[in-house]
Amino acid sequence: MSWKFEQPADHETRVILVRHGESTFNAQGKHQGSSDASVLTDLGKEAARQTGEWLSGLVIDALYVSSLQRAQETASEMLSMMTPAVDLQNIHVVYQLREIDLPAWQGRYHRQVQTDCATDYRCWKQHPEQFVMVDPQTQHRTYPVLDLYARSQQFWQDILPRHQRQTLMVISHSGTNRALISTALNLPPTHYHALKQSNCGISVLKFSQQDELTVQLEVLNETGHLTAPCLKPKV
């Protein structure tokens with residue numbers, strides 16, 4: 001690895017965030033959202049194995065994985081290359097870590113959405129905190145970005161007290177990882193699109209709880225462990 005970690009101090013928790021490998025919807029240029037129809041491509045599986053090999057040697061005390069299959073496939077490929085092995089009792093599949101809910105756009109091509117939903121798409125890109133989506137099946141109105149930030153904040157509140165002086169790994173999604181980083185650092189949803197998270201990119205947060213909780217962003221979207229074919233830009 002190009003960076004090394006000391007064991008967290010008594011009052012610290014280190015969290016390694018990994019985005020899933022390239023998926024079929026990534027390769028096709030489609031919105032994924034929380035749809036579970038997208039799976040890893042062969043390139044995505046290879047990138048996941050490279051990521052696991054690069055992280056091998058780290059002791060991971062607990063692994064939290066999104067409930068969507070593209071994240072679980074990434075975890076499986078990574079773990080096949082990692083030593084020491086993560087105890088199966090410490091691997092947790094978490095629905096809370098699924099990608100942002102975009103029911104009206106999931107499975108549709110990005111270019112199609114930009115054309116057919118131009119006003120909504122402009123709001124999504126320029127004012128994500130105001131973006132509203134109506135579920136075409138239930139007609140239920142939601143604020144996808146605000147909802148994602150709320151469950152990301154809840155995730156931190158749920159897990160951090162359990163893991164002092166431990167190193168955790170979270171395998172999730174671009175939007176979810178951005179929201180996790182943002183809520184940890186108290187960045188508002190207005191900056192939702194500002195933090196890039198590449199397929200199998202690695203980010204690292206260190207939480208320190210003494211008189212108050214402080215957070216340090218140690219690594220943001222590290223991709224130096226991936227070979228050239230795995231680095232082609234995907235959304």
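Every heavy atom of this structure was used, including side-chain atoms; hydrogens, water molecules and symmetry mates were not.
No side-chain donor-acceptor contact under 3.5 Å links S66 and S172. Judged purely by distance below 3.5 Å, without hydrogens or angles, the side chains of S198 and N221 pair a donor atom with an acceptor atom. Side-chain contact annotation: N199 with N26, donor-acceptor N/O pair under 3.5 Å present. In the model, Q50 has a side-chain atom that pairs as donor or acceptor with a side-chain atom of T227 under 3.5 Å. Side-chain N/O atoms of Q32 and S38 include a donor and acceptor closer than 3.5 Å. Checking D158 against Q154 by side-chain atom types alone, a donor-acceptor pair falls below 3.5 Å.
Annotation for Q106 and S34: closest pair OE1-N, 2.9 Å, computed over non-hydrogen atoms. Of all non-hydrogen atoms in L146 and P189, the two that sit nearest each other are CD2-CG, 3.8 Å. For the residue pair L220 and Q197, the shortest heavy atom distance occurs at CD1-NE2, 3.7 Å. Closest of all the heavy-atom pairs between I60 and I16 is CD1-CD1, 4.2 Å. Across all non-hydrogen atoms, the minimal contact from G21 to T74 is N-OG1, 3.1 Å.
Atoms NE2 and CG, from H20 and L40 in turn, are 8.0 Å apart once rounded to the nearest 0.5 Å. Here the straight-line distance linking atom OG1 of T176 with atom CD of E99 works out to 4.0 Å at 0.5 Å rounding. Rounding to the nearest 0.5 Å gives a distance of 9.5 Å between CG of N90 and CG of L63. With values rounded to the nearest 0.5 angstrom, Q216 atom CD is found 9.5 Å from L205 atom CG. Within the model, atoms NE2 of H173 and CG of L17 stand 12.5 Å from one another, a figure rounded to the nearest 0.5 Å. The structure places OG1 of T83 at 11.0 Å from CG of L55, a figure rounded to the nearest 0.5 Å.
Without hydrogens or angle criteria, D36 side chain to Q69 main chain gives a donor-acceptor distance under 3.5 Å. With hydrogens and angles disregarded, no donor-acceptor distance shorter than 3.5 Å links the side chain of H31 to the backbone of G107. For D61 (side chain) and L168 (main-chain N/O), no donor-acceptor pair under 3.5 Å exists by modelled atom type. Formation of a donor-acceptor pair under 3.5 Å by the Q139 side chain with backbone atoms of P136 is found in this model.
Within 6.0 Å of CD on E53 lie no more than 12 heavy atoms contributed by other residues, nucleotides or ligands.
The stretch residues 201-223 participates, sequence neighbours left out, in these ring pair (Phe, Tyr, Trp, His ring centres under 6.0 Å) pairs: W156-F207. Evaluation of the side chain to side chain donor-acceptor pair (under 3.5 Å) test over residues 184-193, restricted to residues two or more places apart or in two chains, returns none. Counting only residues at least two apart or on different chains, the salt bridge (Lys or Arg N to Asp or Glu O under 4.0 Å) pairs with a member in residues 165-174 are D10-R165. Applying the salt bridge (Lys or Arg N to Asp or Glu O under 4.0 Å) test to residues at least two apart or on different chains, the pairs with a partner in residues 69-78 are R49-E77.
Under the salt bridge (charged side-chain N to carboxylate O under 4.0 Å, His left out) criterion, K206 pairs with E12, E218, sequence neighbours left out. Residues satisfying the side-chain contact (heavy atoms from CB on, under 4.5 Å) test with T41, not counting sequence neighbours, are E22, T24, A27, L43. Residues that satisfy the ring-ring contact (aromatic ring centres under 6.0 Å, His included) test with H163, not counting sequence neighbours, are Y64. Residues passing the side-chain contact (heavy atoms from CB on, under 4.5 Å) test with A150, sequence neighbours excluded: none. For D101, the salt bridge (charged side-chain N to carboxylate O under 4.0 Å, His left out) partners two or more places apart in sequence, or in a different chain, are R98, R151. Take T142 and apply the side-chain contact (heavy atoms from CB on, under 4.5 Å) test, not counting sequence neighbours, and it matches M133, H140, P144, D147. With sequence neighbours left out, R162 forms a salt bridge (charged side-chain N to carboxylate O under 4.0 Å, His left out) with no residue at all.
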Side-chain donor-acceptor pairs under 3.5 Å in residues 111-132, sequence neighbours left out?
from: T115; atom 1: OG1; to: R111; atom 2: O; distance (Å): 3.1
from: D116; atom 1: OD2; to: R108; atom 2: NH2; distance (Å): 3.3

> For H110 and W105, what are the C-alpha separation, side-chain angles and deciding distance, and is it a side chain to side chain contact (heavy atoms under 4.5 Å, CB included)?
Replying inline: CA-CA 9 Å; H110 290 280; W105 293 357; over 6 Å; no

> For V86 and L88, what are the C-alpha separation, side-chain angles and deciding distance, and is it a side chain to side chain contact (heavy atoms under 4.5 Å, CB included)?
Replying inline: CA-CA 6 Å; V86 180; L88 292 178; over 6 Å; no

>> If you apply the rule side chain to side chain contact (heavy atoms under 4.5 Å, CB included), what do you find for C200 with T223, and how did you get there?
In response: CA-CA 7 Å; C200 283; T223 58; over 6 Å; no

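Using a 4.5 Å heavy-atom cutoff, the side chains of L79 and I91 are in contact.
Of the candidates L180, I100, L102, T183, L148 forms a side-chain contact (heavy atoms from CB on, under 4.5 Å) with just one, namely I100.
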